[in-house]
Amino acid sequence: MIAAADFNITKAERSKLNDINLENIPFGKFFSDHMLEVDYEDGEWKTVEIKPYQPLLMEPSMAAIHYGQAIFEGIKAYKNAAGEAAIFRPLDNFKRFNISAERMQMPTVPEEIFMEGMKMLVELDKNWIPAKEDHSLYIRPFMFSTDEMIGVRPSEKYKFMIILSPTGPYYSTPMRIYVEEQYVRAVPGGVGYAKAAGNYGAAMFATAEAKKKGYDQVLWTDAYEHKYVQECGTMNVFFIIGNTAITPDLQAGTILAGVTRDSTITILKEMGFNVEERQLSIDDVMDAYKAGLLYEVFGTGTAATVSYIKELRYKDFTMTFDVAHWKTAPELKKRFNDIRYGKTPDNNNWMYKI
Ligand SMILES: *Cc1c(COP(=O)(O)O)cnc(C)c1O
């Protein structure tokens with residue numbers, strides 16, 4: 001067993017908060033006063049350092065930038081009207097982080113380091129959580145290999161870090177989506193279920209091609225037949241067909257098990273929907289559309305929570321949606337916000353108080 005972790009806190013002399021207006025800040029551009037950093041060496045995690053946010057010094061031979069043993073998470077902390085701070089379902093992200101770590105042949109991070117460390121860091125930078133609706137503090141835990149050696153093999157040294165970024169309203173305008181039939185995001189047996197850095201780099205070309213055609217994002221399809229829907233960009237995807245909500249199942253390991261996806265399933269059930277996690281072909285999506293039964297299509301993820309899809313293009317066929325008249329996705333958004341900002345009882349125990 002791993003001994004209780006040591007934590008060492010060095011406080012910043014001055015808060016950068018004095019120079020920043022927390023309203024209307026762009027996503028992911030500003031970082032709080034402190035960060036968490038801990039090294040894995042000789043088979044064990046060393047002292048956890050919480051210290052002023054600062055650049056890293058690295059050797060050009062550092063393994064992660066050559067062979068990509070790198071994973072991350074995305075979590076949000078919110079402040080309610082009473083000024084109390086809480087993090088949304090961080091234990092689920094912790095578990096997923098270690099699933100990603102195992103797939104990438106990296107060491108797992110002990111719960112104490114991930115959870116207590118995150119709590120201490122957020123507590124220290126609590127003033128960075130904007131106290132306004134649709135605002136939050138984005139928490140970015142990540143780990144990468146740090147061997148200084150350019151041989152292809154699992155690294156012996158790793159670094160786990162957490163940085164914090166205040167975020168304003170993430171206005172995601174309804175998206176135009178291109179159903180991708182050439183490039184793939186994930187294959188069975190691959191790393192699609194892991195939040196591995198390489199997955200995002202690998203997706204950028206296809207996304208750029210879709211943008212050239214005038215679309216915002218791609219709807220990924222399965223690698224073998226390009227027939228079954230998978231994810232929308234870096235979000236999970238839901239289709240409301242009649243009184244049923246359908247989202248792709250996780251069995252093949254090609255879908256990232258989103259915490260927002262899981263929460264959406266729970267809330268949709270509470271709203272009275274039948275929720276089906278199963279394979280869904282694009283042909284079935286088109287049939288439902290033609291029958292007038294495909295009411296809503298949306299993506300889910302921590303960054304935007306719920307993103308509406310107003311247009312879906314498959315080959316020469318275009319499906320359009322009148323998002324202004326939607327009922328489900330807006331209600332879902334509202335329920336998420338009510339839970340996060342403490343306006344409704346947190347019956348599912350999703351808010352982790354700090
Ligand atoms: C992070 C991510 C999601 C959404 O997961 P959440 O836990 O809801 O933020 C969905 N798909 C991909 C590919 C992702 O990387």
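First listed ligand is number 1; within each ligand, the first listed atom is number 1.
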Test log, rule ring-ring contact (aromatic ring centres under 6.0 Å, His included), inputs Tyr289 and Phe321: CA-CA 10 Å; Tyr289 178 83; Phe321 303 93; 5.7 Å; yes
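We find that Lys159 and Glu37 are joined by a salt bridge, their nearest charged nitrogen and carboxylate oxygen being less than 4.0 Å apart.
Summarising the geometry, atom CD1 belonging to Ile113 is positioned 9.5 Å from atom CG belonging to Asp6; distances are rounded to the nearest 0.5 Å.
Between Phe336 and Trp350, the angle of the ring planes stays under 30°, which puts this pair in the parallel group of the 30/60° scheme.
Ser145 places no side-chain N or O within 3.5 Å of a backbone atom of Tyr158 that could act as its donor or acceptor partner.
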Result block: side-chain N/O donor-acceptor pairs under 3.5 angstrom for residues 235-246, not counting sequence neighbours:
residue	atom	partner	partner atom	Å
Asn236	OD1	Gly258	N	3.3
Asn236	ND2	Glu231	OE1	3.4
Asn236	ND2	Leu256	O	2.9

Distance dump, ligand 1 polar atoms to protein, N/O, under 3.5 Å:
residue	atom	partner	partner atom	Å
ligand 1	7 (O)	Arg96	NH1	2.8
ligand 1	7 (O)	Arg96	NH2	3.1
ligand 1	7 (O)	Val259	N	2.8
ligand 1	8 (O)	Val259	N	3.3
ligand 1	8 (O)	Thr260	N	2.9
ligand 1	8 (O)	Thr260	OG1	2.6
ligand 1	9 (O)	Thr302	N	2.9
ligand 1	9 (O)	Thr302	OG1	2.6
ligand 1	11 (N)	Glu231	OE1	2.5
ligand 1	11 (N)	Thr234	O	3.2
ligand 1	15 (O)	Lys195	NZ	2.7
ligand 1	15 (O)	Tyr200	OH	2.3

